[in-house]
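Only this structure's heavy atoms are used, side chains among them; waters, hydrogens and symmetry mates stay out.
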Amino acid sequence: MILLLNSRNSLFQAITQPTLRDYLIYASVSRSNETKPTDAQVEVEHVRKTEHQRELDQARRALRTATWVSVFYLITTDILGPFNAPFAFSQVGYVPGAVLYVVMGGVACFTGLQLWRLFCRLDSHEYPVKTYGDLGDRVFGKEFKHFCTILQSLQLIINVGVICLSNAQSLEQLAANHQFCFSVSVLIWALVGMLLGQVRTLQKYGFFANSAVWLNLLIIFTSMGFVAHSPPNFAAAATSLGQTEGPVQTAKFVALPLFSKVNGIMQMVFAYGGAMIFPEFLAEMRRPMDFWKGMVCAQMLICTAYLLYGLFVYSFQGQFTLPLAYQGVSKQSWQDVGNVFALITGIIAAGLYGNIGIKVAYYSIIEDWFKGPALTSRTGRFIWTVMVLIYWSLAFVVGSAIPQVATVSGIVAAICIMQFSYTFPPLMMLGYKMKIAAAGLIEEDALAFGEIIDANTPSKDPGDTWMEWSRWKRGFFGGSWYYNLFNLILFLASLSMACLGMYGSGTAIKATFQLTGAATSFGCTSPV
């Protein structure tokens, strides 16, 4: 079946410079085809597309193979969240820690659903949304897309660098007495990442991501048993935290400087940092409408695991809790068990982040800016290999320059993760809803996924512009104004928290470097 727009001119516009209404029409067709894959496929006629463009569209459709179960495993692969949860509790105390983990998890789930809805409304096989920046582009334009791309690339590089850093700490503890230079330990994992980075599709990470989830849970339960029968690692606590040996102390509310508490809260934000790559997961799904199942299940598992693990370990280790809690036991053999499993899950997570990060850079720089070859081409394969080497080299610089897992996690949470998980989704939803109401598309937006928008229905857009107050008024008050107001408040609150987080984590980095015996940039001294 062929779906035609109401005139040749509007068809030409939809192909060369699509409007919001065009995006909605194409997306409705794609969702319909995905909902009923065995029925006759609905198509939108492309009289202006070349044969190469048709083949490229078909190739990209064929790459969409991930299911919601795969998405569940991919989201829960992040190893840094569960193991820094006890440290977060040690910085804020029992009550604020438990409340904030639940509240922030709930908000992260809500904003994840906002991203899912925006994707399903704006993505199509003809105009695919491949990255977070693409989603922002559909709402606010190219400038916002470039801003998202820069932040996303920064976060992914730092994430990979932090994982290289945590793996290097594990390697140092496995090599008892720290028998080689710490910066060399970081370099080893950067080199391993360069080899794993040659895999280009997320589907090939599905099995490994599945394994990583169960290994992470195994680390959680074994380390809980270890900390219950082992004193804290006082030597590592003195090096990393400046805590001298003494009795373990816990509290409902911790009396620490403001910057320490804020840095602890940023550890919680880091735990819910998966939203940044949700559009990438959605872009590789066979049925994007099912994404919410995997995302909600993953967020529930993450929140439960973080709470149980954080409360338990903090109760036994108190102020001596390390940023990677499984490294906080004093017995060498018990350290080795957690570190070996963590090395495996860590490199899987680093490979996942590296894969997404390099794709973002490839689509934005090679394809969009330089109009280079497609990633699936032979030349694209060569360029990918070069980018992998550069990407992991930058990750090594990050991991070795600031050898502090907790503070680096906090600063990237404040600068990047807060925006992608909490600040940008309500802002984009606000912009989307205002543009929908201003253009008279409320009825089209209210259709269920799988229902096709009638392209022959006349446009209800009055034709005024955003330079006129009438369009702003209709945009904000024309639909659900209370929902728009809620999104505006959530956006401003998240932005304020991000600014506070930058102050807290930045101050914590400075304070940690000033500790006696602390690891230095590109040095050989280990932070554990």
Side-chain angles (χ1 to χ4, degrees), residues 12 14-18 22-23 26-27 29-30 33-34 41 43-66 70-71 74 119 122-138 142 145-146 148-150 152-153 156-157 193-206 276-288 351-392 394:
F12 178 74
I15 293 177
T16 59
Q17 191 176 4
D22 297 327
Y23 284 132
Y26 281 94
V29 171
S30 294
N33 289 335
E34 292 159 354
Q41 295 291 284
E43 296 180 359
V44 181
E45 186 177 18
H46 293 299
V47 297
R48 301 285 181 175
K49 279 202 168 186
T50 65
E51 187 62 29
H52 170 70
Q53 289 172 321
R54 290 174 181 270
E55 292 175 356
L56 189 60
D57 285 345
Q58 181 62 32
R60 283 175 172 162
R61 278 194 292 268
L63 288 175
R64 295 191 172 198
T65 56
S70 301
V71 166
L74 288 169
F119 182 94
L122 298 174
D123 166 80
S124 63
H125 295 308
E126 291 75 19
Y127 299 103
V129 171
K130 297 176 288 187
T131 66
Y132 202 108
D134 287 342
L135 205 55
D137 179 28
R138 300 289 163 88
K142 291 291 184 183
K145 175 182 179 179
H146 296 327
C148 288
T149 300
I150 292 171
Q152 191 173 19
S153 299
L156 287 166
I157 290 174
M194 291 178 185
L195 294 177
L196 290 179
Q198 303 309 316
V199 177
R200 287 181 291 176
T201 62
L202 282 178
Q203 182 66 17
K204 294 181 180 179
Y205 278 100
M276 174 202 59
I277 50 179
F278 284 178
E280 278 80 359
F281 292 156
L282 280 157
E284 298 204 16
M285 288 189 69
R286 186 182 301 114
R287 285 174 49 88
L352 171 64
Y353 282 131
N355 180 281
I356 295 294
I358 298 169
K359 278 182 179 176
V360 170
Y362 192 95
Y363 291 142
S364 301
I365 298 174
I366 304 301
E367 290 192 9
D368 291 348
W369 294 0
F370 293 102
K371 308 302 178 184
L375 180 57
T376 53
S377 66
R378 177 175 297 182
T379 306
R381 181 74 177 96
F382 173 76
I383 297 174
W384 172 273
T385 301
V386 175
M387 293 181 70
V388 166
L389 300 178
I390 297 173
Y391 193 89
W392 283 88
L394 293 173

Show the nearest heavy-atom pair for residues A27 and L122, with the distance to one decimal. CB-N, 4.1 Å
Rounded distance (nearest 0.5 Å) linking atom CG of N355 with atom CD of E280: 9.5 Å
Would you check if the side chain of D123 reaches a backbone N or O of V129 as a donor-acceptor pair within less than 3.5 Å? yes
Non-neighbouring partners of I365 that pass side-chain contact (heavy atoms from CB on, under 4.5 Å), sequence neighbours left out: A361, W369, F370
Within the side chain of W384, is there an N or O that forms a donor-acceptor pair under 3.5 Å with the backbone of G197? yes
S153 meets the side-chain contact (heavy atoms from CB on, under 4.5 Å) criterion, sequence neighbours left out, with T149, V360
Measure the CG-NE2 distance between D368 and H146 for me, rounded to the nearest 0.5 Å. 8.0 Å
When you measure from the side chain of N33 to the backbone of S30, do you find a donor-acceptor pair of N or O atoms at a distance under 3.5 Å? no
In Å, rounded to the nearest 0.5 Å, how long is the span from CG of L375 to CD1 of I366? 10.0 Å
Approximate separation, where rounding is to 0.5 Å, of D134 CG and F119 CZ: 9.5 Å
Separation between CD1 (I358) and CG (L389), nearest 0.5 Å, reads 9.0 Å
Those residues at least two apart in sequence (or on a different chain) that pass ring pair (Phe, Tyr, Trp, His ring centres under 6.0 Å) with F278 are F291
Separation of K359 NZ from I277 CD1 (nearest 0.5 Å): 11.0 Å
Sequence neighbours excluded, which residues qualify as side-chain contact (heavy atoms from CB on, under 4.5 Å) partners of I157? Y391, L394, V398
E367 to P373 - nearest heavy-atom pair and separation: CG-O, 3.8 Å
Do any N or O atoms from the side chain of R381 and from the backbone of Q198 form a donor-acceptor pair under 3.5 angstrom? yes
For Y23, the ring pair (Phe, Tyr, Trp, His ring centres under 6.0 Å) test, sequence neighbours excluded, returns Y127
